Asker: 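Quick one: the structure is below, questions incoming.
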Amino acid sequence: MAEEEQQARVYLGNLPADADLLEIYSICAAFGAVQAVEVREGIAFVDFASPESRDRLISTYNGKDFHGKTLKVEAAKASLSKSSNTVHVIRLPEGTTEASLTERVRACGNVTKVQISEPHPFVGLHGSVVFDSNDAAQKCVAQFADGAETQAFIQYANPPRRGRSSTSRPRRAPGPKDAAGEAGAAASPSPAAATGVGAAADATGARAEQFTLSLLVPLAYAGAIIGKGGEVIKGIKRDTHALLTLAPLPHPIPRSITERLSQIKGFPEEVVAAFRAVAEILYAQSLEKSIVPLRILVPAELVGHIIGKAGAQIKALKAQVQCTIDIEVCTQSEYASTFWLVSADASVEDSVKIVQTLVDRMSTVVQRGNAFAVDPMKVNQEESVTLILPSSAMGAVIGKGGAVLREISAQSQAVIEIEKAGETPATADVERQVWISGPVAALERAQHMISSCLQGKDVEIKYQLSIPSSVIGHIIGKRGVRINAIMDETRTEIDIEESGATATVTILGSVINSINAQRIVRKIVEERES
């Protein structure tokens with residue numbers, strides 16, 4: 001395996017013993033092209049085409065609940081099995097036969113076996129092809145790596161089971177003490193409560209049970225949801241007690257925009273009641289179609305809970321309704337990799353059944369601690385972060401003539417500025433600042449890329465956010481309970497220094513864990529300022 005591919009390998013530990021190969025593939029493929037998958041009992045290894053895809057998967061899934069188990073996801077240190085000649089081909093066109101698939105891949109090498117399997121809830125119609133060499137298998141994967149619907153990856157044979165495997169979660173070093181000098185000995189609240197996900201939580205970290213449902217509505221129907229002078233949307237809030245909002249639109253509106261993001265926030269029963277009101281409006285607006293064009297955004301880390309083991313959950317839901325339900329990675333650029341899309345053309349009652357099931361599943365998981373999902377309303381919101389690096393590391397980030405820095409800025413679409421070097425010689429003891437600004441997704445991409453430039457170097461990166469001093473207490477919580485819970489959940493160390501009306505939050509940890517901590521801090525700030 002080439003060195004660059006070794007660097008893009010990821011390890012998934014603490015999986016259920018009967019983890020589904022194609023479910024693992026689908027979860028990973030939401031973050032970028034997958035070249036190979038090996039699933040053993042309780043663990044898996046996945047090769048991505050790029051380290052950036054691997055890092056986004058780690059950032060999203062590490063420490064999250066997966067079928068009742070807490071995942072451990074990290075850059076792989078072990079190797080896959082020696083080699084494999086088996087290629088799994090997914091999302092095959094309807095009507096594909098073993099003969100037609102054989103003909104399609106014959107140019108890659110000598111085919112020894114082809115098998116077509118029943119449609120799978122994650123990947124549709126699929127099959128496997130066995131070649132007489134690994135080189136032929138690699139060519140087959142490359143043949144399908146053209147962005148088309150049908151994709152392929154090398155499947156490594158699972159070794160015989162030798163008993164249950166488990167991976168323990170690493171312990172975090174004790175966190176800093178709070179202002180009173182106590183280490184926050186009180187029992188920590190649930191992660192969701194401590195981090196304020198799904199609803200505003202008070203400074204004590206008291207559990208909040210509100211939930212936000214995100215849906216895409218046809219742009220032409222948005223006016224009917226709002227109503228003249230906002231009468232309709234205000235009426236929905238009055239009748240259901242849920243908060244219904246629609247994302248602002250750019251002016252002028254590009255022709256490419258055909259949908260508008262809408263969010264419903266409240267307790268689960270309030271969210272479903274408000275959605276019913278929206279569904280009735282969408283149904284009325286659809287005229288002769290007489291359908292509700294349902295399109296729900298589901299955070300990538302929650303999609304497994306919607307589908308269930310071997311598709312059990314989604315199959316049960318499909319059996320309850322009289323419409324076709326599709327679930328796939330969202331292809332819209334601002335939501336790609338971060339969200340999946342559940343869509344259906346349904347009656348009002350069927351659409352409410354679907355939403356009721358989604359809300360029940362997602363709100364339960366969120367309250368158990370899946371705290372790091374990005375709010376789709378915030379994906380294009382401008383933010384900033386400062387990285388503190390030793391001067392000795394700047395050469396790897398800047399590159400010859402600034403080439404590396406320009407590439408990071410272009411690929412991440414973030415604005416990056418670097419503090420000019422002073423007269424002091426560049427030693428590890430002298431720190432310089434890197435200022436990054438842009439949409440949240442761009443900030444996170446840039447941080448991952450800068451971290452990749454420093455791989456193999458003994459460099460500690462400090463991540464800093466500027467926040468209003470008025471929210472410090474809400475981040476720390478009573479007796480430090482909340483900040484300790486955040487540090488424990490994200491495996492970071494956090495320090496807050498106040499300076500007048502603003503304060504600086506300094507985060508120490510891996511780039512992935514630091515980004516998760518940044519998301520939580522921003523969420524708390526947004527909730528206290530709203």
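Nothing here was measured: the structure is a model prediction, and the numbers come from that model. Sequence positions, counted from 1, serve as the residue numbers for this chain.
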Asker: List for me each residue that meets side-chain contact (heavy atoms from CB on, under 4.5 Å) alongside Val272, sequence neighbours excluded, and say none if there are none.
Answerer: Val352, Gln356, Val359
Asker: Please enumerate all residues that pass salt bridge (charged side-chain N to carboxylate O under 4.0 Å, His left out) together with Glu259, with sequence neighbours excluded.
Answerer: Arg295
Asker: Mind checking whether Lys72 and Leu12 have side chains closer than 4.5 Å, heavy atoms only?
Answerer: no
Asker: Are the side chains of Ile515 and Gln447 in touch, meaning some heavy atoms are under 4.5 Å apart?
Answerer: yes
Asker: Quick check: does any side chain N or O of Ser100 sit under 3.5 Å from a backbone N or O of Thr96, one acting as donor and the other as acceptor?
Answerer: no
Asker: Identify, with sequence neighbours excluded, every residue that meets ring pair (Phe, Tyr, Trp, His ring centres under 6.0 Å) alongside His88.
Answerer: His126, Phe153
Asker: Could I get the full list of side-chain contact (heavy atoms from CB on, under 4.5 Å) partners for Thr357, not counting sequence neighbours?
Answerer: Leu317, Arg361
Asker: Sequence neighbours left out, what passes side chain to side chain donor-acceptor pair (under 3.5 Å) with Glu270? Give chain and number order.
Answerer: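 Expected list: none.
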Asker: Holding to salt bridge (charged side-chain N to carboxylate O under 4.0 Å, His left out), I want the full list of residues that pass it with Arg522, two or more places apart in sequence or in another chain.
Answerer: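 With neighbours one apart ignored, the set is Glu383.
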Asker: For the residue pair Gln263 and Thr212, confirm or rule out a side-chain donor-acceptor distance under 3.5 Å.
Answerer: no
Asker: If you define the side chain from C-beta out and look only at heavy atoms, does anything of Ile296 sit under 4.5 Å from Ser214?
Answerer: no
Asker: What residues form a side-chain contact (heavy atoms from CB on, under 4.5 Å) with Pro468, not counting sequence neighbours?
Answerer: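 side-chain contact (heavy atoms from CB on, under 4.5 Å) list for Pro468, sorted by chain: Ser470, Val471, Val525, Glu529.
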Asker: Not counting sequence neighbours, which residues clear side-chain contact (heavy atoms from CB on, under 4.5 Å) with Glu103? List them please.
Answerer: Arg106
Asker: I'd like to check Val342 versus Asp326 (side-chain heavy atoms, cut-off strictly below 4.5 Å). Are they in contact?
Answerer: no
Asker: Who pairs with Glu328 by side chain to side chain donor-acceptor pair (under 3.5 Å), at least two apart in sequence or on another chain?
Answerer: none
Asker: Applying salt bridge (Lys or Arg N to Asp or Glu O under 4.0 Å) as the test, list every pair that has at least one member in residues 340-351; sequence neighbours left out.
Answerer: Arg276-Glu349
Asker: Do Ile486 and Ile524 touch side chain to side chain, with heavy atoms closer than 4.5 Å?
Answerer: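 With C-beta onward as the side chain, the pair touches.
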Asker: In chain order, what residues pass the side chain to side chain donor-acceptor pair (under 3.5 Å) check against Asp55, with sequence neighbours excluded?
Answerer: none
Asker: With side chains defined as the heavy atoms from C-beta onward, is the minimum distance between Ile475 and Arg482 less than 4.5 Å?
Answerer: no
Asker: Count the heavy atoms of every other residue, nucleotide or ligand shown that sit under 6.0 Å from OH of Tyr283, and state whether that count exceeds 12.
Answerer: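 12 or below, so no.
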Asker: Could you pull out all residues at least two apart from Gln313 that satisfy side chain to side chain donor-acceptor pair (under 3.5 Å)?
Answerer: none
Asker: Measure the shortest side-chain to side-chain distance between Val89 and Ser128 over non-hydrogen atoms and say whether it is less than 4.5 angstrom.
Answerer: no
Asker: Are the side chains of His448 and Ile512 in contact, using a 4.5 Å heavy-atom criterion?
Answerer: yes
Asker: Report yes or no: does Thr492 contribute a side-chain atom to a donor-acceptor pair with the main-chain N or O of Ser514 at less than 3.5 Å?
Answerer: no
Asker: So, applying side-chain contact (heavy atoms from CB on, under 4.5 Å) with Ser409, which one of Ile416, Ile436, Val415 is it?
Answerer: Ile416
Asker: Determine yes or no for a side-chain-to-main-chain donor-acceptor pair under 3.5 angstrom, with Arg260 supplying the side chain and Ala247 the backbone.
Answerer: yes
